[in-house]
Chemist: 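The structure is given below, and queries will be raised subsequently.
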Amino acid sequence: MEKTIEDTTGQEPALNLVVLSEEIMKQLETEKRINSNVMSIRLTQEGLIINDQNNNNVTESDLPSAKDSLSLLSGVYCQGVQYYDLKGVKYINNTGMSILIALLKSLLEMNVEVQFVNVDQRIKMKIKELGLEQIINFEEKLSS
Amino acid sequence: LKNKYYFEKFENRQPYTPVADNKYRSAVYQTLVFITIALGLGYLHWRWRFSLNPDSIIFSITLVTAETLSFLSTILIFISFWSYKDPPKDTPVHYLSEIEELQGRPDRPITIDIFITTYNEDIELVRLTIADAKKMEYPFEDVELKIYVLDDGRRDGRDPQKESMKKVTEEENVGYIIREHNEGYKAGNLKNALERTNGDLFVILDADARPFSHFLVNTSGYFKNKKVAWVQTPQWFFDTTLPESLGSVINNVLKLNQPNNLFAKTVSRINNFLFGKIKVNEDIFGNDGRLFYDVILRKRNLFNAAFCCGAGSIHRREAIMNLALKDFAFKINQANDEPESKDNWLKSKSVKKSALLKEQVIPFKFHASEDIYTSLMLHSDREHKWQSIQHPEVECRMLSPQDLDTWIKQRQRYSEGSLDIAINDNVIFKKGLTIGQKLCYSTTVYSYFAPLWMLVFLLSPLYFFFTQELPVRAYSFEFFKHFLPFMILNTVTITLGAWGINTKRGDQYYISSFWFMLMSIVSILRRKKVKFNVTPKGRVQSSSIRHIIPHFIIIGLTLVGMVYNAILVFYGKHLSPSGFAANTFWCFFNIVALSIMIRAAYWKPSDQETENKL
């Protein structure tokens with residue numbers, strides 16, 4: 001069965017010419033689900049900082065200052081695994097580690113596994129020291 | 001302040017000055033410890049070998065066992081009182097590199113979060129704490145101080161019946177953090193806040209813990225020692241009750257304050273003349289924490305065993321998060337190591353997944369005594385060997401329980417929490433603790449078993465009064481020769497160890513608390529879940545009488561027994577008049593100690609003006 005992606009705003013279909021296989025469709029849906037449900041995480045020079053969008057009780061100004069943030073941690077979903085690239089991240093503090101675990105748990109609830117790639121050697125060491133190597137999966141490079 | 005609270009009249013009270021250390025006094029104390037222990041061992045040796053009364057052997061053995069257990073407690077106290085060793089103070093922290101290894105990160109000024117935990121306290125009371133927190137000074141302008149109210153009562157305006165805490169935080173321009181459940185109580189509240197904030201250091205304040213402006217200036221410097229995980233400051237209760245004249249107390253009890261009644265007026269004047277100068281009821285609830293903070297905890301700096309008490313403490317975020325992560329990893333790996341999951345890869349994966357979903361990263365243990373339990377875990381971290389500090393000076397003021405019911409609920413939580421730790425995570429066998437730490441934690445836990453021997457000490461005279469059976473062969477010169485030197489020197493040594501602190505109230509409550517502490521032991525042995533009771537701040541109306549029924553019974557029976565024995569002595573029919581004299585003397589101390597809780601149960605503020613305030 002084949003499906004088309006439609007604009008949900010009710011306006012003219014935007015991509016109705018693109019026909020996708022069921023597998024790709026499923027993948028896109030999962031990605032959409034991940035992106036809409038999972039917290040967004042900003043990478044900073046000293047670790048990872050949470051931005052829990054679902055919590056309306058903490059205003060942006062209460063959260064760690066945005067000026068520190070470098071970029072949003074973005075993931076790629078592929079065959080049941082969400083890959084996150086940690087290239088350039090040299091250090092993750094313990095709070096950052098707990099944020100990664102929260103991320104991992106929220107994805108696991110959706111039956112999505114998490115794999116971190118391009119993880120710095122020092123971060124790998126830290127993960128091992130904390131005993132988290134069985135929990136936080138990391139690979140040397142993102143496979144093609 | 002709006003002329004609303006009873007404690008307004010105490011606002012100008014100044015905190016105490018910590019006891020100054022004196023090496024000569026310490027040396028004398030330490031010498032006396034050896035002598036007292038030697039005398040104690042000599043006394044107990046004599047008691048076990050030569051003094052047991054064969055005609056009343058069970059009673060004899062029961063009492064001497066209680067004495068032995070009590071002596072063990074004394075030895076533990078002697079050791080933990082050994083000496084002061086205040087850690088060196090340092091100037092306030094400015095940059096992150098002063099408190100952490102940067103490991104490739106760029107340096108920056110530190111950030112400090114101030115958490116004010118609240119549940120159901122009066123919002124204006126919390127506003128006072130916010131106002132004082134905002135006055136906290138710090139010498140570096142680029143160090144960011146952020147104040148958050150952690151409201152576990154969800155008073156964000158959704159419930160019109162509740163006053164809006166959120167509105168107060170908006171008016172005061174501080175952060176407001178809530179959650180949709182109360183899992184883990186205060187520890188859960190802190191967990192939630194730690195997930196949403198990122199201060200390098202964080203301060204914990206209760207709703208009523210109002211910091212002085214120099215709190216951070218005086219405490220942050222300790223963290224330059226990169227092993228320091230937390231600093232606890234003394235919890236100074238600035239609202240302890242004032243002394244009252246005995247004359248006015250009697251007049252109140254007898255309701256003699258009637259200006260139009262000539263008889264009442266005359267009796268009242270006589271009372272004031274006779275008893276007016278005798279002062280009573282000072283700190284009627286024994287809330288003054290100086291013995292605990294300035295002696296017990298502060299002297300534990302010597303063994304790196306001072307534990308955290310929650311409010312008025314400042315923490316290194318990385319330390320507490322490190323502990324939380326390791327604990328989390330341990331639980332997941334433990335689930336993964338289950339034999340059934342080892343054999344089967346697929347099963348292993350599902351076990352790991354369910355463990356991952358079930359377990360949480362919990363900074364402060366979800367426990368009724370979350371502070372002491374978390375301290376224990378940090379102290380036993382073999383990798384980091386975290387250090388704790390009991391800071392000597394008072395840095396914040398707090399409110400104390402103002403009725404016996406609240407007081408007992410609070411103490412019962414401490415006692416049940418500590419006993420629960422003793423049963424589930426025995427400190428003696430806990431890996432990673434030094435011998436000194438084990439001794440100090442054992443002292444705390446062991447002290448909660450005191451009612452076991454205290455009950456024997458309270459009931460023994462009664463047993464004697466109604467049976468005339470002696471727990472010793474005779475109250476002879478031989479007995480007093482062994483007993484008195486030990487007892488007198490014991491008192492002198494403890495006084496010297498707690499030099500400068502009035503321990504009278506503490507001693508009275510130590511005995512008087514026997515009943516609820518006994519109930520705590522029973523509750524823990526029956527594996528009842530320890531309740532987390534939030535201590536009400538301010539005055540509440542509650543009945544305290546049920547807590548003192550055992551006290552009334554023991555005092556009543558003691559008095560009856562004394563009269564009965566006096567009659568027997570008068571008619572020359574008593575089998576042991578010396579035993580009667582000794583037990584009467586003993587009972588005098590028991591009654592004085594037990595009566596404090598009775599007085600506290602009936603205590604009401606005499607000051608009419610403040611009686612109806614919160």
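Note that this is a predicted model, so its numbers are computed, not measured.
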Chemist: I need the B:Q103 CD to A:M125 CE distance, nearest 0.5 Å.
Modeler: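 The distance works out to 10.0 Å.
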Chemist: Taking the side chain as every heavy atom from C-beta outward, state whether A:I99 and B:E195 have any atom pair closer than 4.5 Å.
Modeler: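 Result no, sub-4.5 Å side-chain heavy-atom pair not found.
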Chemist: Look at atom NZ of B:K162 and say whether more than 12 heavy atoms of other residues, nucleotides or ligands are closer to it than 6.0 Å.
Modeler: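 Yes - once you tally the heavy atoms of other residues, nucleotides and ligands closer than 6.0 Å, there are more than 12.
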Chemist: Within a radius of less than 6.0 Å around CD of B:E163, do more than 12 heavy atoms belonging to other residues, nucleotides or ligands occur?
Modeler: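 Result for CD/B:E163: open.
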Chemist: Taking the side chain from A:K105 and the backbone from B:L356, do they hold a donor-acceptor pair closer than 3.5 Å?
Modeler: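 Looks like yes, one N/O pair under 3.5 Å.
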Chemist: Using heavy-atom distances under 4.5 Å, tell me whether A:E129 contacts chain B through its side chain, its backbone, both, or neither.
Modeler: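 For A:E129, backbone and side chain are both near chain B.
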Chemist: Is it the side chain or the backbone of A:I136 that comes within 4.5 Å of chain B heavy atoms, both, or neither?
Modeler: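 The answer is neither part of A:I136.
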Chemist: At a 4.5 Å cut-off on heavy atoms, which part of A:I101 comes close to chain B: side chain, backbone, both, or neither?
Modeler: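 Side chain only.
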Chemist: Tell me, side chain or backbone of B:E359 under 4.5 Å from chain A's heavy atoms, or both, or neither?
Modeler: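 For B:E359, the contact with chain A is made by the backbone alone.
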Chemist: Where on B:I320 is there a heavy atom nearer than 4.5 Å to chain A: the side chain, the backbone, both, or neither?
Modeler: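 Looking at B:I320, nothing touches chain A.
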Chemist: Is the NZ atom of B:K227 crowded by more than 12 outside heavy atoms at less than 6.0 Å?
Modeler: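 Yes, the 6.0 Å shell around NZ holds more than 12 heavy atoms from other groups.
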Chemist: Does the side-chain contact (heavy atoms from CB on, under 4.5 Å) test come out yes or no for B:L357 and A:L108, once each step is laid out?
Modeler: CA-CA 8 Å; B:L357 290 176; A:L108 205 61; 4.1 Å; yes
Chemist: Is it the side chain or the backbone of B:E383 that comes within 4.5 Å of chain A heavy atoms, both, or neither?
Modeler: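 Contact with chain A is through the side chain of B:E383 alone.
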Chemist: Going through the checks in order, is the side-chain contact (heavy atoms from CB on, under 4.5 Å) test met by B:E318 and A:N93?
Modeler: CA-CA 7 Å; B:E318 280 296 275; A:N93 64 11; 3.5 Å; yes
Chemist: Out of B:V361, B:L323, B:N322, which residue meets the side chain to side chain contact (heavy atoms under 4.5 Å, CB included) rule with A:N94?
Modeler: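 With A:N94 as partner, side chain to side chain contact (heavy atoms under 4.5 Å, CB included) holds for just one option, B:N322.
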Chemist: For B:A329 versus A:G131, what's the shortest heavy-atom pair and its separation?
Modeler: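 Taking every non-hydrogen atom into account, CB-O, 3.3 Å.
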